[in-house]
Novice: 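Provided herewith is a single structure, encoded as structure tokens, for subsequent inquiry.
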Amino acid sequence: MQMTQPNLALKKKETIRLPIQKPFHFRCTLWKPSHFSTDLEQHTATRTWRTFRFGAELFGVRFDKRDDYLLLHIFSKNKLSDESRARLIRRIETAYGLSEDLSEFYKAARTLPALVRPIRALKGMRISCPESIFEIAIISLLLQNTTIQRSTQMTRNVLQRFGRSVSFDGRTLWCFPSPADLAGVPEDILRTECRLGYRAKYLPAFAQFFLANDDDALRELKREEVILTLQSIKGVGPYTAGVIASHALRDPDALALDVWNTKLAGKAFFGRENIKPDHVRKFLQRQVPGHAGLALLYLVESEYLKSPMTTLTRS
DNA sequence: ATCCAGGTTCACA
DNA sequence: TGTGAACATGGA
């Protein structure tokens with residue numbers, strides 16, 4: 001089992017410009033008002049710092065807002081090989097949907113009055129998921145049946161115990177542990193040291209699964225097949241699978257309905273809170289076919305923008 | 001104290 | 001297919 005490692009200093013290696021499809025809402029694409037704080041990333045009004053991991057390779061990236069492109073400063077221990085550079089760029093382009101065209105969604109959403117204001121406020125916002133499937137699965141697991149406060153606390157415990165602390169560009173952030181880092185960890189340690197409660201028994205199985213199933217290989221599979229495969233993992237139900245489908249795999253029609261989203265959607269679309277998740281799903285998939293998940297995303301983020309889960313840092 | 005939180009599993013109709 | 005209890009932990 002891995003012990004806590006000392007902080008790793010990453011050095012600036014490259015500066016890259018990535019093209020973006022406009023309109024592009026920088027702030028609410030790289031930072032989501034509804035996401036809880038993790039110390040995997042940090043944000044100001046016009047910048048984002050974020051860590052990425054590929055196997056044993058760790059990266060820190062600073063994103064700067066520009067009008068016509070995204071400016072990246074890439075930090076790592078070693079010089080980037082062509083392969084690792086390509087992989088990192090591919091991850092970033094996918095994570096933030098840099099080249100996605102949202103015009104079809106905006107057209108389809110005109111049938112929903114409740115979306116007029118959210119779209120006006122957030123035009124150009126994309127789905128964001130810098131996490132790997134393994135990472136987002138764990139984050140979803142830690143959101144299950146508990147308060148955000150405890151999700152935040154459990155995440156911090158896991159990162160402090162098994163993650164890797166890195167410094168770059170004057171920031172110190174955590175890198176997520178790899179499947180290998182968590183695969184051999186006894187359930188008991190996760191209970192007593194990370195305070196994961198009953199979730200402790202699921203996490204080692206997650207790690208085993210993603211140790212055997214590479215992220216890229218999973219993305220090759222057909223969507224329904226991935227979701228079905230993932231749901232066979234104990235601890236992955238409709239919500240977690242929905243998060244993976246809609247965020248990590250960027251299915252614009254997939255929905256992850258938790259009690260909060262469902263309430264919000266109920267109020268916005270039906271004028272009352274006690275609506276069944278399935279009702280919301282069917283309604284949105286009928287109203288904005290092919291874009292149900294995006295519709296929910298715009299509604300939810302515009303609501304959280306009024307009182308974000310995390311505040312932007314000053315500088 | 002007692003309840004229950006941004007789900008999921010398992011048992012039993 | 002559908003419903004309901006149990007699940008760990010910690011804050012209200």
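In what follows, every chain begins at residue 1, and chains take the letters A, B, ... in the order their sequences are listed.
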Novice: When all nucleic acid strands are considered with a 4.0 Å heavy-atom cut-off, which category describes I233(A): base, sugar-phosphate, or nothing?
Specialist: sugar-phosphate

Novice: Relative to the 5' end of DNA chain B, which residue comes earlier, K234(A) or T146(A), by the nucleotide with the nearest heavy atom?
Specialist: T146(A)

Novice: If we only count heavy atoms from C-beta on, is the Y202(A) to L196(A) side-chain gap below 4.5 Å?
Specialist: no

Novice: Rounded to the nearest Å, what distance is computed from the CD1 atom of residue I227(A) to the P atom of nucleotide dT8(B)?
Specialist: 12 Å

Novice: Under 3.5 Å, is there any donor-acceptor pair linking the side chain of Y202(A) to the base of dG7(B)?
Specialist: no

Novice: Could you tell me whether the side chain of R17(A) reaches within less than 4.5 Å of the side chain of R66(A), counting heavy atoms only?
Specialist: no

Novice: Could you check how far CG of L142(A) sits from C1' of dA5(B), rounded to whole Å?
Specialist: 14 Å

Novice: Could you tell me how the ring of F134(A) sits relative to the ring of F176(A): parallel (under 30°), tilted (30 to 60°) or perpendicular (over 60°)?
Specialist: perpendicular

Novice: Quickly work out the L264(A) CG to dG6(B) P distance and round it to whole Å.
Specialist: 12 Å

Novice: Scan S140(A) against the nucleic acid and name what it touches under 4.0 Å (heavy atoms): base, sugar-phosphate only, or nothing.
Specialist: nothing

Novice: What distance, rounded to whole Å, do you find between the two P atoms, one in dA6(C) and one in dT2(B)?
Specialist: 16 Å

Novice: What integer distance in Å separates R150(A):CZ from dG7(B):C1'?
Specialist: 14 Å

Novice: Report the distance from atom CG of L141(A) to atom P of dG6(B), rounded to the nearest whole Å.
Specialist: 16 Å

Novice: To the nearest Å, give me how far apart CG (L143(A)) and C1' (dG7(B)) are.
Specialist: 10 Å

Novice: Look at the rings of F59(A) and F54(A) and say which category their plane angle falls in: under 30° parallel, 30 to 60° tilted, over 60° perpendicular.
Specialist: perpendicular

Novice: Tell me: CZ of R199(A) to P of dT9(B), nearest whole Å?
Specialist: 13 Å

Novice: When the ring planes of Y96(A) and F63(A) are compared, do they come out parallel, tilted or perpendicular, using 30° and 60° as the limits?
Specialist: perpendicular

Novice: Using the C1' atom in both, what is the distance from dC3(B) to dA5(C), to the nearest Å?
Specialist: 16 Å

Novice: Whether the E301(A) and S34(A) side chains hold a donor-acceptor pair (N or O, under 3.5 Å, no angle test) is what I'd like checked.
Specialist: yes

Novice: Could you check K276(A) against R195(A) and say which one's nearest nucleotide on DNA chain C is further toward the 5' end?
Specialist: K276(A)

Novice: Separation of N145(A) atom CG from dC3(B) atom P, in whole Å?
Specialist: 16 Å

Novice: Considering all heavy atoms of both residues, which atom of E100(A) and which atom of Q21(A) are nearest to each other, and what is their separation?
Specialist: O-CG, 3.2 Å

Novice: Using the ring of each side chain (for Trp, its six-membered ring), is F269(A) parallel, tilted or perpendicular to F283(A), with breaks at 30° and 60°?
Specialist: tilted

Novice: Given dT8(B), dC10(B), dA5(B), which nucleotide is nearest the side-chain atoms of P238(A)?
Specialist: dT8(B)

Novice: If you measure from the P atom in dA8(C) to the same atom in dA11(B), how many Å do you get, rounded?
Specialist: 14 Å

Novice: How far does the C1' atom of dG10(C) sit from the matching atom of dT9(B), given to the nearest Å?
Specialist: 23 Å

Novice: Specify the residue among I148(A) and Q231(A) whose closest nucleotide of DNA chain B lies further upstream toward the 5′ end.
Specialist: I148(A)

Novice: With a strict under 4.0 Å distance from non-hydrogen atoms of chain A, what nucleotide opens and what nucleotide closes the contacted stretch of DNA chain C, reading 5' to 3'?
Specialist: dC7(C) to dG11(C)

